[in-house]
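The model shown is predicted, which means the values in this text are computed figures rather than measured ones. We're numbering straight along the sequence, starting at 1.
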Amino acid sequence: MKPANFFYAALAIAMLAAVLSGCQRREAGPAEEAGKKIDQATQQANAELKQAGTELKQAGAELKDAAHEAGKELKEAAAITRDKINDATEVAGQKLEKAGEKMQETAREAKEEAKKK
């Protein structure tokens with residue numbers, strides 16, 4: 001049952017109970033007994049709804065905390081990955097630079113060898 005429907009039902013029951021309580025008798029009749037049972041059921045349902053609401057709020061807070069923690073972990077992982085990529089790029093650049101220097105040296109040597117002949 002939706003909370004709004006439950007509220008209106010509880011309100012109708014409460015109004016019915018108020019009207020029936022105006023008829024004062026010494027003995028509790030069947031309508032009064034039914035009203036008492038309805039009141040008890042309404043109070044119990046209200047307590048259960050409050051408990052469910054509390055549990056739902058707690059679950060929402062836990063979910064929010066978990067999402068926040070996951071976000072932090074993803075941020076940290078991204079930073080680590082970025083640093084590793086930067087390091088790898090730097091190493092690759094150094095190796096390319098050394099290879100270029102070797103190529104230039106080999107070309108100089110070949111040029112000098114050609115001049116000698």
Side-chain angles (χ1 to χ4, degrees):
M1 180 180 280
K2 292 184 179 179
N5 292 342
F6 180 78
F7 173 75
Y8 290 119
L11 182 61
I13 291 168
M15 290 174 64
L16 179 63
V19 169
L20 292 176
S21 69
C23 304
Q24 294 184 5
R25 293 186 204 169
R26 297 213 176 235
E27 296 177 22
E32 189 172 343
E33 288 297 322
K36 286 180 183 180
K37 289 180 181 178
I38 291 171
D39 286 345
Q40 290 173 352
T42 302
Q43 289 173 356
Q44 183 179 357
N46 188 29
E48 290 173 3
L49 281 174
K50 284 182 181 179
Q51 179 65 28
T54 301
E55 291 172 3
L56 185 59
K57 283 181 185 178
Q58 184 178 359
E62 290 172 2
L63 182 60
K64 182 179 176 182
D65 291 344
H68 180 70
E69 187 63 31
K72 282 175 43 180
E73 289 176 8
L74 283 172
K75 220 178 214 183
E76 290 172 7
I80 290 169
T81 303
R82 181 193 65 231
D83 292 344
K84 287 184 179 185
I85 288 173
N86 287 341
D87 291 345
T89 302
E90 187 175 328
V91 168
Q94 291 171 354
K95 288 183 179 185
L96 283 172
E97 191 175 324
K98 286 182 183 179
E101 289 171 359
K102 284 184 182 181
M103 288 173 64
Q104 287 177 352
E105 188 176 323
T106 303
R108 271 190 231 114
E109 289 174 357
K111 191 176 184 181
E112 287 177 13
E113 205 49 50
K115 283 184 184 179
K116 290 181 184 177
K117 290 185 179 182

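In this structure, the separation between CD on E90 and CD on Q94 is 5.0 Å, given to the nearest 0.5 Å. Between the CG atom of L96 and the CE atom of M103 there is a distance of 10.5 Å, given to the nearest 0.5 Å. Atom CG of N46 and atom CG of D39 lie 12.0 Å apart (nearest 0.5 Å). In this structure, E69 CD and L74 CG are separated by 10.5 Å, a value rounded to the nearest 0.5 Å. Rounding to the nearest 0.5 Å places NE2 of H68 at 10.5 Å from CD of E73. Rounding to the nearest 0.5 Å gives a distance of 12.0 Å between NZ of K111 and CD of Q104.
Residues satisfying the side chain to side chain donor-acceptor pair (under 3.5 Å) criterion with E112, sequence neighbours excluded, are absent altogether. With sequence neighbours left out, the side chain to side chain donor-acceptor pair (under 3.5 Å) criterion links E97 to no other residue. Legend: residues meeting side-chain contact (heavy atoms from CB on, under 4.5 Å) with Q40, ordered by chain and number and at least two apart, are absent. With sequence neighbours excluded, no residue satisfies side chain to side chain donor-acceptor pair (under 3.5 Å) with E76. When the side chain to side chain donor-acceptor pair (under 3.5 Å) test is applied to E101, no partner is found at least two apart in sequence or on another chain. Taking I80 as the reference, K84 meet the side-chain contact (heavy atoms from CB on, under 4.5 Å) condition, with sequence neighbours excluded.
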Going through the distances and angles, do K72 and K75 end up as a side-chain contact (heavy atoms from CB on, under 4.5 Å)?
CA-CA 5 Å; K72 282 175 43 180; K75 220 178 214 183; 5.6 Å; no
